[in-house]
K.L.:
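What follows is a single structure, and I will ask about it in a moment.
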Amino acid sequence: DTGVSQDPRHKITKRGQNVTFRCDPISEHNRLYWYRQTLGQGPEFLTYFQNEAQLEKSRLLSDRFSAERPKGSFSTLEIQRTEQGDSAMYLCASSFTSRIPNEQFFGPGTRLTVL
Amino acid sequence: AQKVTQAQTEISVVEKEDVTLDCVYETRDTTYYLFWYKQPPSGELVFLIRRNSFDEQNEISGRYSWNFQKSTSSFNFTITASQVVDSAVYFCALSVYGNNRLAFGKGNQVVVIP
């Protein structure tokens, strides 16, 4: 399978715990994005990387959130001290690098439930 | 800041009927790009179409067509002869030149009844 993959697909955790999600983009893609989607809403941008550099972060990304892409391939998104408001679907996408916005290819998402 | 509004929430149609989804956008940028994505029950967003702000020519691709009107800041999407497999949430999204982040609307839930 050569699409974007995410792991795990589902995560249930207790409030206050830390969680980490992984995203493997399409191998030829330089750019990797993280979005969050809550029930009944469209995805909201969190952050994106070009290769290993994190180029932009949304104000939605509080200090409890951190994302890395250490070797310019896979990425991890960590949420520390989870809160019930963090419950959402976390989507990863990748694309080629271009000044013109290209189509982004999305993974299946990680659904987080904070109890 | 970019904003996308999809006013309709759920639309139900009988199979083979056409369905049109409305999208209104806001941006101060003169160069921007509009997208439609489909999110089936499996959850994975699927790219459908992209249009840039300089090209208002409306097109048809298979059963999909779109109507882009800069004068009203609208980018409407039509599915012709709907099929049950078209049942999904459809998102309109906006991005501006030099910035790849997508701003999504809230989506339209399309239900095609056999």
Side-chain angles (χ1 to χ4, degrees), chain A residues 1-6 8-10 23 25-26 29-51 53-61 67 88-112, chain B residues 1-10 21-27 29-55 61 64 75 77 88-109:
Chain A
D1 186 89
T2 56
V4 178
S5 62
Q6 292 187 246
R9 295 291 306 276
H10 303 274
C23 170
I26 293 172
H29 288 174
N30 306 98
R31 288 199 169 168
L32 185 148
Y33 311 80
W34 285 99
Y35 291 84
R36 181 174 70 186
Q37 184 178 20
T38 53
L39 200 61
Q41 303 295 316
E44 296 172 295
F45 171 82
L46 292 178
T47 187
Y48 90 90
F49 292 83
Q50 178 155 320
N51 299 315
Q54 188 173 18
L55 296 186
E56 189 175 353
K57 292 195 291 187
S58 162
R59 286 174 293 178
L60 291 174
L61 214 64
M89 177 78 86
Y90 290 85
L91 297 166
C92 176
S94 68
S95 75
F96 290 109
T97 298
S98 171
R99 293 287 291 176
I100 297 173
N102 285 317
E103 62 179 283
Q104 295 179 17
F105 293 83
F106 283 81
T110 294
R111 182 169 295 284
L112 172 67
Chain B
Q2 282 65 245
K3 183 179 178 182
V4 175
T5 302
Q6 294 177 255
Q8 307 144 299
T9 52
E10 182 168 327
L21 309 179
D22 299 331
C23 172
V24 175
Y25 61 91
E26 295 176 31
T27 180
D29 288 73
T30 56
T31 305
Y32 53 88
Y33 299 80
L34 294 159
F35 300 77
W36 277 96
Y37 279 83
K38 174 182 179 181
Q39 189 173 41
S42 60
E44 196 161 327
L45 281 155
V46 176
F47 166 80
L48 297 177
I49 56 174
R50 181 187 75 177
R51 208 78 193 144
N52 71 58
S53 54
F54 296 120
D55 186 356
S61 175
Y64 299 151
F75 185 52
F77 177 71
V89 181
Y90 290 82
F91 291 98
C92 181
L94 168 68
S95 187
V96 299
Y97 181 76
N99 186 331
N100 274 229
R101 66 154 75 185
L102 288 169
F104 286 87
K106 290 187 176 182
N108 301 122
Q109 172 79 60

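In what follows, chains are A, B, ... by sequence order, proteins preceding strands, each numbered from 1. From a predicted model like this one, the values you see are computed outputs, not experimental measurements.
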K.L.:
If we only count heavy atoms from C-beta on, is the B/Tyr37 to A/Pro43 side-chain gap below 4.5 Å?
P.N.:
no

K.L.:
Report the distance from atom CG of B/Leu102 to atom CD of A/Glu103, rounding to the nearest 0.5 Å.
P.N.:
11.0 Å

K.L.:
If the condition is side-chain hydrogen bond (donor to acceptor under 3.5 Å, both in side chains), which residues does A/Gln104 pass it with, not counting sequence neighbours?
P.N.:
A/Tyr35

K.L.:
Select one option (side chain, backbone, both, neither) describing which atoms of A/Leu55 are under 4.5 Å from chain B's heavy atoms.
P.N.:
neither

K.L.:
Sort A/Glu56 into side chain, backbone, both or neither according to what part of it lies under 4.5 angstrom from a heavy atom of chain B.
P.N.:
side chain

K.L.:
Could you look at B/Gln109 and say if it's the side chain, the backbone, both or neither that has a heavy atom under 4.5 Å from chain A?
P.N.:
neither

K.L.:
Taking distance alone, no hydrogens or angles, what donor-acceptor pairs closer than 3.5 Å link side-chain atoms of residues 46-55 of chain B to residues at least two apart or in another chain?
P.N.:
{"unit_1": "B/Arg50", "atom_1": "NH1", "unit_2": "A/Pro101", "atom_2": "O", "d": "2.7"}
{"unit_1": "B/Arg51", "atom_1": "NE", "unit_2": "B/Gln57", "atom_2": "O", "d": "3.3"}
{"unit_1": "B/Arg51", "atom_1": "NH1", "unit_2": "B/Glu59", "atom_2": "OE2", "d": "3.4"}
{"unit_1": "B/Arg51", "atom_1": "NH2", "unit_2": "B/Asp55", "atom_2": "OD1", "d": "3.3"}
{"unit_1": "B/Arg51", "atom_1": "NH2", "unit_2": "B/Asp55", "atom_2": "OD2", "d": "2.9"}
{"unit_1": "B/Arg51", "atom_1": "NH2", "unit_2": "B/Gln57", "atom_2": "O", "d": "2.8"}
{"unit_1": "B/Arg51", "atom_1": "NH2", "unit_2": "B/Glu59", "atom_2": "OE2", "d": "3.1"}
{"unit_1": "B/Asn52", "atom_1": "OD1", "unit_2": "B/Phe54", "atom_2": "N", "d": "2.8"}
{"unit_1": "B/Asn52", "atom_1": "OD1", "unit_2": "B/Asp55", "atom_2": "N", "d": "3.0"}
{"unit_1": "B/Ser53", "atom_1": "OG", "unit_2": "B/Thr30", "atom_2": "O", "d": "3.1"}
{"unit_1": "B/Ser53", "atom_1": "OG", "unit_2": "B/Tyr32", "atom_2": "N", "d": "3.1"}
{"unit_1": "B/Ser53", "atom_1": "OG", "unit_2": "B/Tyr32", "atom_2": "O", "d": "3.4"}
{"unit_1": "B/Asp55", "atom_1": "OD1", "unit_2": "B/Gln57", "atom_2": "N", "d": "3.0"}

K.L.:
Under 4.5 Å from any heavy atom of chain B, what part of A/Thr47 do you find: side chain, backbone, both or neither?
P.N.:
neither

K.L.:
Under a 4.5 Å heavy-atom cut-off, does chain A meet the side chain of B/Ser42, its backbone, both or neither?
P.N.:
backbone

K.L.:
Just by distance, no angles: are the side chains of A/Tyr48 and B/Asn100 close enough, under 3.5 Å, to form a donor-acceptor pair?
P.N.:
no

K.L.:
Using non-hydrogen atoms only, which part of B/Tyr97 is less than 4.5 Å away from chain A: side chain, backbone, both, or neither?
P.N.:
both

K.L.:
Is A/Arg111 close to chain B through its backbone or its side chain, or both, or neither, when contacts mean heavy atoms under 4.5 Å?
P.N.:
neither

K.L.:
Between A/Gln37, A/Met89, A/Glu44, which residue shows the highest count of heavy-atom pairs closer than 4.5 Å to chain B?
P.N.:
A/Gln37

K.L.:
Looking at A/Gly107 and B/Glu44, what are the two nearest heavy atoms and their distance?
P.N.:
O-CG, 3.6 Å

